[in-house]
Asker: 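Take this structure, written in structure tokens, and hold onto it; I'll ask about it next.
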Amino acid sequence: MKIHEYQAKELFQKYNIPTQGGIVIEDATKADEAVDKLGGNLWVVKAQVHAGGRGKGGGVKLAKNKEEVIKYVKQILGMTLITAQTGEEGILVRKVYIAKAEDIKKEYYFGIVLDRNLEMPVMIASTEGGVEIEKIAKESPEKIHKVAIDPQIGICDFQIRELAKTLNFNKIVSRRFSLFARNLYQFYMNSDAEMVEINPMILTDDDQLIALDAKVSFDDNALGRHKDIAEMQDFFEEEESEIEAHKYGLNYIKLDGNVGCMVNGAGLAMSTMDIIKDEGGEPANFLDVGGNANAETVAKGFELILKDSNVKAIFVNIFGGIVRCDRIANGIIKATEITEVKVPVIVRLEGTNSKEALEILRKVNIANLISANDLKDGAKKSVQTAIGV
Ligand code: ADP
Ligand code: MG
């Protein structure tokens with residue numbers, strides 16, 4: 001789960017990670033009051049969306065007076081912001097954050113990500129902050145410094161010193177950086193974060209280090225023990241169908257292809273996507289209906305798949321182990337009662353009660369039901385149906 005910059009900064013404050021306060025508004029008429037509350041004479045107006053590169057896309061503006069703040073708030077609120085991370089369709093801005101502009105002596109990149117190969121969090125720092133880190137990583141990787149932190153030991157002094165040295169900090173700043181790094185690591189571990197990215201972390205004219213931007217994502221599976229963080233979820237920023245799926249205990253991820261997939265078990269769902277690709281097709285989604293699938297959840301699965309207008313065929317691939325095939329068959333029937341299934345459905349049922357299931361399906365005589373002999377046959381028929389062969 002991702003959160004907004006302003007929310008990440010609220011959490012930073014709890015961990016004594018130096019950052020700046022600001023005011024979030026969703027209504028342009030509140031800009032005037034926000035400026036008065038903040039004080040100062042130079043401000044930034046920043047779009048709050050779950051995507052980086054806002055500055056380049058016109059979502060971060062520097063304002064010299066109150067009138068300019070109001071002008072930019074009006075401009076940014078409600079705009080469709082397109083950045084390198086949003087894709088062409090962009091993302092609607094519903095919230096803006098107003099903060100005082102800081103004196104920037106230098107911008108750095110600083111963050112922590114989970115390295116799945118090392119099985120450890122890795123702290124990353126670079127003097128090349130402010131611009132896209134991906135670009136630096138590609139063009140001049142020697143400018144990015146990393147230290148892997150063994151979670152059993154925690155972060156060590158020598159590791160922080162190593163990073164401080166690569167950032168060319170003097171003694172005083174190094175001391176401040178040490179505290180910054182420790183607190184950030186504490187935050188990362190305690191909150192089950194997956195990624196914390198501060199780009200830029202700035203050095204001010206009076207040698208203070210401040211987190212000026214903040215991107216944080218958390219491990220979804222750990223949200224149960226972080227109610228305060230879970231409450232920060234902004235549903236407007238998530239794929240609507242994925243949230244809907246979550247409510248029904250379905251594991252659904254929308255993809256770009258045209259073969260809808262309804263599968264039980266994450267492993268089988270992955271193989272189904274692979275085999276569809278092998279047959280020259282493109283899956284429209286990942287959907288694991290889970291072991292407790294019943295008629296209702298299967299019907300919901302169909303509804304979700306059919307919401308995607310790209311879908312031209314649905315491949316139902318069920319191995320009846322924990323879930324019984326007849327349940328799935330009843331779900332398919334229920335789905336056709338609730339929503340009109342306009343596309344052909346290719347069914348491969350194997351395992352517990354598969355014969356009964358086929359019998360159930362045969363009786364209802366759904367117009368476009370194609371049964372498959374096995375996995376490969378099912379994938380082939382699905383792809384051919386989707387491309388209209
Ligand atoms: P993004 O990474 O999405 O473009 P940032 O928050 O990093 O958004 O802002 C982009 C740039 O705008 C920063 O690199 C910095 O140069 C400038 N900036 C952002 N916030 C402030 C601020 N409070 N004071 C001064 N400059 C800022
Ligand atoms: Mg940034």
Side-chain angles (χ1 to χ4, degrees), residues 2-13 17-25 31 34-35 37-66 68-69 71-73 75-77 79-87 90-113 124-137 143-144 167 180 184 193 195-217 234 237:
K2 290 181 187 168
I3 56 172
H4 287 293
E5 171 195 4
Y6 77 92
Q7 295 168 319
K9 286 180 170 176
E10 275 168 31
L11 294 173
F12 281 5
Q13 274 163 357
I17 298 157
T19 183
Q20 44 161 201
I23 294 172
V24 180
I25 57 172
V35 172
K37 233 185 207 165
L38 285 168
N41 51 22
L42 201 58
W43 299 269
V44 280
V45 180
K46 307 173 85 173
Q48 296 298 289
V49 290
H50 288 183
R54 294 164 300 167
K56 278 192 180 161
V60 178
K61 297 278 185 194
L62 200 65
K64 291 188 287 294
N65 50 51
K66 197 191 260 184
E68 271 191 12
V69 172
K71 184 179 96 183
Y72 290 134
V73 167
Q75 208 176 80
I76 295 173
L77 261 183
M79 84 186 277
T80 302
L81 184 61
I82 301 171
T83 82
Q85 291 182 9
T86 61
I91 185 166
L92 180 70
V93 182
R94 296 167 195 270
K95 290 176 182 171
V96 288
Y97 178 71
I98 307 169
K100 278 193 207 172
E102 300 287 339
D103 299 320
I104 303 176
K105 201 189 315 186
K106 183 156 175 58
E107 301 192 12
Y108 300 86
Y109 177 95
F110 190 41
I112 306 177
V113 292
I124 305 172
S126 174
T127 52
E128 309 304 300
V131 266
E132 299 127 82
I133 197 74
E134 293 85 0
K135 203 169 149 204
I136 305 160
K143 288 185 176 155
I144 295 176
L167 298 177
F180 194 120
L184 192 69
M195 184 209 71
V196 183
E197 190 182 69
I198 301 173
N199 189 22
M201 168 178 78
I202 59 155
L203 188 63
T204 61
D205 286 343
D206 53 355
D207 275 353
Q208 300 292 334
L209 286 173
I210 299 177
L212 209 61
D213 188 8
K215 287 202 170 48
V216 181
S217 67
D234 184 344
E237 300 278 324

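In each ligand, atom 1 is the first atom listed, and ligand 1 is the first ligand listed.
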Asker: Does at least one non-hydrogen atom of Ala99 fall below 4.0 angstrom from an atom of ligand 1?
Answerer: no
Asker: What residue among Glu128, Glu197, Lys143 forms side chain to side chain donor-acceptor pair (under 3.5 Å) with Tyr109?
Answerer: Glu197
Asker: If hydrogens are left out, which of Val60, Ile198, Asp103, Val49 has an atom nearest to atom 12 (O) of ligand 1, that is, the closest non-hydrogen atom?
Answerer: Val60
Asker: With the Mg ion (ligand 2) as the reference point, give the N/O/S atom of Asp213 that is nearest.
Answerer: OD2
Asker: Find out whether Leu203 and Leu209 are in side-chain contact, i.e. whether some heavy atom of one side chain is under 4.5 Å from a heavy atom of the other.
Answerer: yes
Asker: Just jot down the ligand 1 atoms closer than 4.0 angstrom to any heavy atom of Arg54, in number order.
Answerer: 1 (P), 3 (O), 4 (O), 5 (P), 6 (O), 8 (O)
Asker: Report, in ascending order of atom number, the atoms of ligand 1 lying under 4.0 Å from any heavy atom of Asp213.
Answerer: 1 (P), 2 (O), 5 (P), 6 (O), 7 (O), 8 (O)
Asker: How long is the straight-line distance from NZ of Lys46 back to CG of Asp213, given to the nearest 0.5 Å?
Answerer: 5.0 Å
Asker: Nearest 0.5 Å, what's the OH-OG1 distance between Tyr108 and Thr127?
Answerer: 7.5 Å
Asker: Looking at Gln20, which atoms of ligand 1 are within less than 4.0 Å of one of its heavy atoms?
Answerer: 23 (N)
Asker: Regarding His4 and Asp234, do their side chains bring together a donor and an acceptor under 3.5 Å, going by distance alone?
Answerer: yes
Asker: Distance check, rounded to the nearest 0.5 Å: Gln48 atom CD versus Ile76 atom CD1?
Answerer: 10.0 Å
Asker: Using heavy-atom distances only, which candidate in Glu107, Lys46, Glu5 approaches atom 14 (O) of ligand 1 most closely?
Answerer: Glu107
Asker: Can you list the ligand 1 atoms lying under 4.0 Å from a non-hydrogen atom of Lys100?
Answerer: 23 (N)
Asker: Rounded to the nearest 0.5 Å, how far does CD1 of Ile3 lie from CD of Glu10?
Answerer: 8.5 Å
Asker: Only heavy atoms of Ile104, strictly under 4.0 Å: list the atoms of ligand 1 that pass.
Answerer: 25 (C), 26 (N)
Asker: Answer yes or no: is there a side-chain heavy-atom contact under 4.5 Å between Gln75 and Lys61?
Answerer: yes
Asker: Is the Mg ion (ligand 2) less than 2.8 Å from an N/O/S atom of Glu197, whether that atom is in the backbone or a side chain?
Answerer: no
Asker: Quick check: Gly130 and ligand 1, any N/O pair under 3.5 Å apart?
Answerer: no
